[in-house]
Amino acid sequence: MDLWQRVNEWYAQNARPLPWREPGFSAWGTLVSEFMLQQTPVTRVIPRLAEWLERWPTPAHLAADPASEAVRAWHSLGYPRRALWLHRAATTITEKHGGVVPREVEALLALTGVGDYTARAVAVFAYGERHPVVDTNTRRVIARAVRGQGEAGPPQAAADLRAMSELMPTETLAAATFNAGIMELGAIVCTARSPRCGDCPLAEICAWRGSNYPEYLGPKKAVQKKYEGSDRQVRGLILAAAREATGPVTDAEITPLWPDSTQRDRALSSLVRDGLLVVSTEPTPGYILNHE
DNA sequence: CACTCGTGGAG
DNA sequence: TCTCCAAGAGT
């Protein structure tokens, strides 16, 4: 039995009942969920996604509201630029695609915030197109089951897509299921820390397990910089203040948020550069969320 | 290509 | 406590 068959049969029995897998879930919903899921765990996304889609059921609904509302509705999902980019994508979809989320990978890639993964995920999961979809879970499963390595190492877009293409079944529907299934397997069985090989449909054919779990010696993924004391933390503090405020946040309110003025200024100007904050003078001088 | 960009939960 | 890591993308 092929690897994809094992995965698809397992998926049919074990897929979690996630919102974006319900029948009739919109392409817009898929796009929103994929934005939110970029580097944010499923459990934190689910409640925010529901709120978001209730408030903005189509791209046009979101485009009609200011970007600042999108950033507020993002709450603390992290990487708030994604909210800005999603609002921008909604505007582009409304103005240039007749309000319909595009189904072609090329058109999706042209949207800000949509990269290699998200474009293919939308084309495949929302529209049933046949493409390889490669995320961190997929990469880990392939590294272990096929290459016999405990970790996937740094992403290599071209090679990763090729590897997935070679494993994917020919038939379009089965290919879509396989894309979802191998991700799901990586998410709940072949996890990064403690894989549950006893529950894995690939256990018998897994190259990593077959060679008794050799230690991974290849190139390591870039280490994530410490958050504590980082510019990201300072940005987070400043943006949280702006998100909660009703009017402009003044310098007097920003200053006590962080002791180091150099770092504080750097964080503030980077928020302005990113378009998350803009300078306002009414009714008092300060910074507000960009309403575009 | 290396670096940057949030936040919170699990182990 | 502290480290790791989570459906990535842009520069």
Side-chain angles (χ1 to χ4, degrees), chain A residues 11 15-16 18-21 29-49 71 74-86 88-89 108-126 131-141 150-158 160-161 164 176 179-188 190-196 216 219-243 263 266-267 269-271 273-276:
Chain A
Y11 184 72
R16 291 168 294 178
L18 299 172
W20 44 90
R21 291 177 181 161
T30 301
L31 182 66
V32 174
S33 72
E34 294 299 350
F35 262 87
M36 291 183 170
L37 287 164
Q38 293 168 3
Q39 297 288 282
T40 301
V42 167
T43 52
R44 290 178 53 204
V45 164
I46 289 173
R48 296 292 87 78
L49 176 65
V71 173
W74 201 252
H75 293 267
S76 59
L77 285 176
Y79 294 144
R81 293 186 298 185
R82 290 181 291 165
L84 208 55
W85 292 338
L86 181 50
R88 195 172 301 162
L108 287 160
L109 281 173
L111 302 170
T112 312
V114 175
D116 226 38
Y117 164 76
T118 302
R120 293 163 185 278
V122 171
V124 172
F125 302 140
H131 299 287
V133 181
V134 178
D135 81 325
T136 186
N137 294 303
T138 300
R139 297 185 65 255
R140 185 172 52 250
V141 173
E151 299 175 26
Q156 299 181 54
D160 293 340
L161 286 172
M164 186 57 182
N179 275 307
I182 195 166
M183 283 172 61
E184 185 76 346
L185 188 62
I188 67 182
C190 191
T191 57
R193 299 238 190 146
S194 44
R196 303 165 50 205
Y216 177 72
K220 305 283 266 187
K221 277 188 282 192
V223 196
Q224 197 171 44
K225 216 168 147 190
K226 184 156 69 173
Y227 179 67
E228 199 66 28
S230 68
D231 284 9
R232 284 185 295 161
Q233 182 181 17
V234 186
R235 284 169 54 106
L237 291 169
I238 296 173
L239 196 67
R243 196 192 291 127
Q263 192 179 16
R266 190 170 61 232
S269 46
S270 76
L271 287 169
R273 186 164 50 250
D274 285 348
L276 282 162

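What's counted below: heavy atoms across the whole structure, side chains too, no hydrogens, waters or symmetry copies.
Boundaries of the chain A contact region on DNA chain B are dT4(B) to dG11(B), first to last in 5' to 3' order (nucleotide atom under 4.0 Å from a heavy atom).
Computed from coordinates, the R82(A) CZ to dT11(C) C1' distance equals 18 Å when rounded to whole Å. dA9(C) atom C1' lies 12 Å from atom CG of D274(A), rounded to whole Å. In this entry the distance linking CD of Q156(A) with P of dG8(C) reads 17 Å, nearest Å. With rounding to whole Å, N137(A) atom CG is found 7 Å from dA6(C) atom P. Atom pair R232(A):CZ and dG8(C):C1' shows a separation of 13 Å (rounding to whole Å applied). Between the C1' atom of dT3(C) and the NZ atom of K221(A) lies a distance of 14 Å, rounded to the nearest Å. Whole-Å rounding puts the L86(A) CG to dA7(C) P distance at 19 Å. In this entry the distance linking CD of E228(A) with C1' of dT1(C) reads 12 Å, nearest Å.
Considering all non-hydrogen atoms of both residues, A267(A) and V234(A) come closest at CB-CG1, 3.6 Å.
Contact annotation: R140(A) reaches the phosphate of dA6(C) (side-chain N/O to OP1 or OP2, under 4.0 Å). Side-chain N/O atoms of Q39(A) include one lying less than 4.0 angstrom from OP1 or OP2 on dG8(C). At least one side-chain nitrogen or oxygen of T136(A) sits closer than 4.0 Å to the OP1 or OP2 atom of dA6(C).
When the nearest nucleotides of DNA chain C are assigned to R16(A) and L109(A) by heavy-atom distance, the more 5′-ward of the two goes with R16(A). The nearest heavy atom of DNA chain C to R44(A) and to R81(A) marks one nucleotide each, and the one closer to the 5' end goes with R44(A). A residue-by-residue look at Q233(A) and A222(A) shows that A222(A) has its nearest nucleotide of DNA chain B further toward the 5' end.
Among the protein residues, T118(A) comes within range of the sugar-phosphate backbone only, with heavy atoms under 4.0 Å from sugar or phosphate atoms but none that close to a base. Among the heavy atoms of the strands, none lies under 4.0 Å from R88(A). Residue contacts for T40(A): at a heavy-atom cut-off of 4.0 Å it reaches a base atom on one of the strands shown. Residue P155(A) is classed as having no contact, given no heavy-atom separation below 4.0 Å to the nucleic acid. Using a 4.0 Å heavy-atom criterion, one finds that T138(A) contacts no nucleic acid atom at all. Contacts of L18(A) with the nucleic acid, taken as non-hydrogen atoms under 4.0 Å apart, include base atoms. V114(A) comes within contact range of the sugar-phosphate backbone alone, with a heavy-atom separation under 4.0 Å but no base atom that close. Residue G115(A) is classed as a sugar-phosphate contact, given heavy-atom separations below 4.0 Å to backbone atoms only. Across all strands, D116(A) comes closer than 4.0 Å only to sugar-phosphate atoms, never to a base (heavy-atom distances). The residue L77(A) sits close to a base: some heavy atom pair falls under 4.0 Å. W74(A) comes within 4.0 angstrom of no nucleic acid atom, judged by non-hydrogen atoms across all strands.
A donor-acceptor contact under 3.5 Å is not formed by the side chain of E34(A) with the base of dA9(C).
For R193(A), counting side-chain heavy atoms from C-beta on, the closest listed nucleotide (dC5(C), dA7(C), dG10(C)) is dC5(C).
In this structure, the side chain of D274(A) does not engage the main chain of L276(A) through any donor-acceptor pair within 3.5 Å. The main-chain N or O of R82(A) is never found under 3.5 Å from a side-chain atom of Q38(A) such that the two would form a donor-acceptor pair. Distance alone, capped at 3.5 Å, places no donor-acceptor pair between the W85(A) side chain and the A89(A) backbone. Panel note: side chain R139(A), backbone G153(A); a donor-acceptor pair is recorded below 3.5 Å. Distance alone, capped at 3.5 Å, places no donor-acceptor pair between the R120(A) side chain and the H131(A) backbone. Between the R81(A) side chain and the G275(A) main chain, no donor and acceptor come within less than 3.5 Å of each other.
Straight-line distance between the C1' atoms of dA7(C) and dC3(B): roughly 22 Å, to the nearest whole Å. Spacing between dG8(B) and dA9(C) at atom P, rounded to whole Å, works out to 22 Å.
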Next item on the list: For T40(A) and R48(A), run side chain to side chain donor-acceptor pair (under 3.5 Å): C-alpha distance rounded to whole Å, both residues' side-chain angles, the deciding distance at 0.1 Å, then the answer.
Entry: CA-CA 11 Å; T40(A) 301; R48(A) 296 292 87 78; over 6 Å; no
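Side chain to side chain, Y117(A) and E34(A) meet the donor-acceptor criterion of an N or O pair below 3.5 Å.
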